[in-house]
Every structure is written in structure tokens, then in C-alpha cells.
Amino acid sequence: MSNRRDFIQTLALGSAAVTLGACQASEEKPENILDGPIAISTWNNRGANSAAMLALTTGKTVLDAVEAGARVPEGDPNDRSVGYGGRPDRDGHVTLDACIMNSEGDCGSVTFLEGIKHPVSVARLVMEKTPHVMLSGAGALQLAKANGFEEEDLLTEDSKKEWEAWKIKEEYSPVINIENHDTIGILARDNEGNLSGACTTSGAAYKMRGRVGDSPLIGAGLFVDNEVGAATATGLGEAVIRVCGTHLVVEMMRQGHSPQEACKLAVERVVQKNPDYQSLQVGFIAINKAGEYGGFCIQPGFEFIVSTKSGTELIKSKSYIT
Ligand code: ASP
């Protein structure tokens with residue numbers, strides 16, 4: 001993935017796009033309301049937003065858009081927290097978690113999936129082709145292979161080298177903010193205000209074998225309610241799971257809070273429930289049907305990226321600790 005500290009460059013969305021000049025990460029505007037199709041992703045996932053906007057502006061569904069977006073970092077070997085090239089568990093296995101949810105409230109999820117580069121597409125398969133919501137491990141792999149997904153080694157040389165260096169001390173200490181957490185959660189809204197979302201990750205680096213975080217859990221890493229809004233999360237999955245983080249954000253929006261306020265309230269809940277909050281990071285982003293968006297996190301450093309037909313903006317999230 002490209003450096004999140006970079007300035008936003010121009011967006012290439014084909015003929016439907018308007019190209020904006022470079023702009024710097026900025027503080028959130030007090031009123032974050034946008035018209036038309038919108039894609040919003042955790043971190044500086046600009047390639048994901050471009051793919052989602054391309055889908056949204058070329059007649060694809062909002063579900064297609066979030067899947068297309070999530071597949072970008074999944075396929076990028078330089079993104080060390082998602083898909084191919086993701087950091088392995090402590091035993092050297094890349095194990096992937098992903099989920100997807102559409103405007104009708106259908107959802108699908110895979111956990112502890114190995115050897116498949118695009119877990120978000122397997123999650124969509126679970127949603128569309130099985131009577132279940134979640135498949136795990138060997139069963140998820142079996143479904144993927146039966147549907148033409150190629151099994152491949154996802155541990156790149158770079159990730160392997162890092163893991164080998166880590167093994168010298170074998171200390172499990174998730175980095176608060178930056179390099180350990182590039183999970184992508186992506187939310188999109190089409191022209192009619194319909195919402196979908198997806199979330200995909202290789203999880204916490206050097207986790208215990210079999211550990212599953214928040215990202216594939218509906219209501220924790222992702223939640224969509226087309227009557228209200230959608231939210232997704234990044235950061236320490238265990239802390240997000242404890243408060244059903246994204247379900248909480250959406251319920252706050254249902255009670256009338258803006259996406260920005262809803263994310264803040266959910267972060268405050270995480271803080272309240274985790275006495276060690278000063279040593280962990282959690283960030284939420286959210287969008288509502290009206291096209292209003294927001295984000296909030298515990299520690300400074302989390303960013304999210306918002307795209308419309310007229311361009312893209314990288315936004316520094318407000319934080320509980322300033
Ligand atoms: N939430 C993810 C997990 O705990 C990690 C991340 O956001 O990068 O697995």
C-alpha cells in the first residue's frame with residue numbers, strides 16, 4: 001500500500017471522474033455531507049477508493065463497489081496487513097479474515113482462511129451461494145476451491161524475512177497505530193443512497209494460530225443497516241469485539257447522532273471498557289444514507305479516505321487522546 005502520509009494525488013476514475021489537484025490531509029469539516037456516490041475507507045487506501053468509485057460510476061452495484069475496493073489491498077504484496085503479503089501468525093502462516101454486507105442486510109464472512117488471495121470474494125460467495133453467514137478455515141478453503149479460486153502461497157519473501165526477525169525475540173506487541181494496522185474497511189453509498197461495506201485483513205501480526213479478530217465479525221468489524229448507515233473498524237480487534245463496535249456506531253446513528261458523533265461515542269465506549277486504552281488503537285469510520293460521514297479513534301494517527309465523483313480527500317481522524 002502506498003505511504004499513508006503521502007498527499008492525495010489525482011484520482012483516475014476514467015471518463016466519469018473529475019480530476020482534482022493535490023491536497024493535504026486535513027481536519028474534518030464540521031459538516032461532512034456529500035452528494036452522489038461515495039466511497040470511504042480506513043487508512044490511505046486510495047487505490048481501493050478508486051476501484052470502488054469506478055464501479056459506482058460505471059453501472060455496478062454498491063456491493064460490487066466495496067468488493068472491488070477491498071480486493072485492491074488484498075492483491076498488493078506491499079500491504080502487510082491484508083491478503084497477499086500480509087504478516088503471518090507466530091508460526092509463519094498467513095491467515096485471513098474478511099466479511100461483506102449489502103443493502104438488504106445479507107452478509108457473508110470467512111475466518112482463518114489460508115491460501116486464497118481474495119478472502120472478501122470468498123465472503124461474498126458464502127453470502128450468495130450458501131445458507132450460512134460464516135465459514136472458517138478448511139471449510140472456507142474448500143468452498144473457495146470448489147468455486148474456482150486458486151490456492152497459493154501468500155507469504156511473500158519480505159513478510160517472511162520480517163517474521164524470521166521477529167522470531168528471534170518472539171514478543172507479541174501490536175504496534176499502536178501505524179505499521180501493524182492497515183486493515184481495510186470500506187463503505188460505499190450509491191446514487192440512490194443504498195449502502196454496502198466490506199472489511200478484510202490478515203489480522204494482528206504474529207497472533208496466535210487460530211486467532212480471529214473483529215474484521216470478519218458482522219457487528220464488530222463491519223455493520224450495514226440500509227435504513228440508517230454503515231460503519232467499519234480498524235485497530236485492536238479484541239477491543240472492538242468487546243463492544244460490538246460497528247453495530248454500536250450504527251445504533252448511535254439510528255438514535256439521531258451524526259456519523260462523526262456516533263464514531264466518537266463508540267470510541268468512548270471502547271475506552272470505558274478497556275482500562276489499558278492508552279496502549280491500544282481503535283478507529284471507526286461511518287456513513288449515513290444522507291451522505292454524511294465521519295470517523296474517530298483513540299490515538300492520534302488514524303486516517304481515512306473519502307472519495308466522490310469530484311475527488312478524494314485524506315482525513316486525519318479526530319482522536320480521544322490528543
Ligand atoms: N482489526 C484487525 C484485527 O484485529 C487489525 C487491523 O485493523 O489491522 O485483526
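Order of appearance sets the numbers: ligands from 1, and atoms from 1 within every ligand.
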Go through the side-chain N and O atoms of N194 and S103 and say whether any donor and acceptor fall under 3.5 Å apart.
-> no
For residues A52 and A39, report the shortest heavy-atom separation together with the two atoms involved.
-> CB-CB, 3.9 Å
For ligand 1, note which part of R80 has a heavy atom under 4.0 Å away: side chain, backbone, both or neither.
-> neither
Spell out, yes or no, whether V228 and F223 are grouped together once hydrophobic residues are joined by side-chain heavy atoms under 4.5 Å, including indirect joins.
-> yes
Does the side chain of N49 come under 3.5 Å of the side chain of S41 through a donor N or O and an acceptor N or O?
-> yes
For D214, the ligand 1 atoms with a heavy-atom partner under 4.0 Å come out as 1 (N), 2 (C), 3 (C), 4 (O)
So, R254 and E251, do they make that salt bridge, N to O below 4.0 Å?
-> yes
4.5 Å side-chain heavy-atom contact, R269 and Q272 = yes
Relative to the heavy atoms of A204, which atoms of ligand 1 are at a distance of less than 4.0 Å?
-> 9 (O)
Hey, does E238 come in under 3.5 Å of ligand 1, counting only N/O atoms on both sides?
-> no
Which atoms from ligand 1 have a heavy atom of G203 less than 4.0 Å away?
-> 9 (O)
Is there a nitrogen or oxygen of G213 sitting under 3.5 Å from a nitrogen or oxygen of ligand 1?
-> no
Looking at ligand 1, does S81 have a heavy atom less than 4.0 Å from it?
-> no
Between I116 and E150, the two heavy atoms sitting closest are CD1-O, 3.5 Å
Where does S215 meet ligand 1, judged by heavy-atom distances below 4.0 Å: at the side chain, the backbone, both, or neither?
-> side chain
Residue portion contacting ligand 1 (non-hydrogen atoms closer than 4.0 Å) for A233 | neither
Hey, does R211 sit under 4.0 Å from ligand 1 if you only count heavy atoms?
-> yes
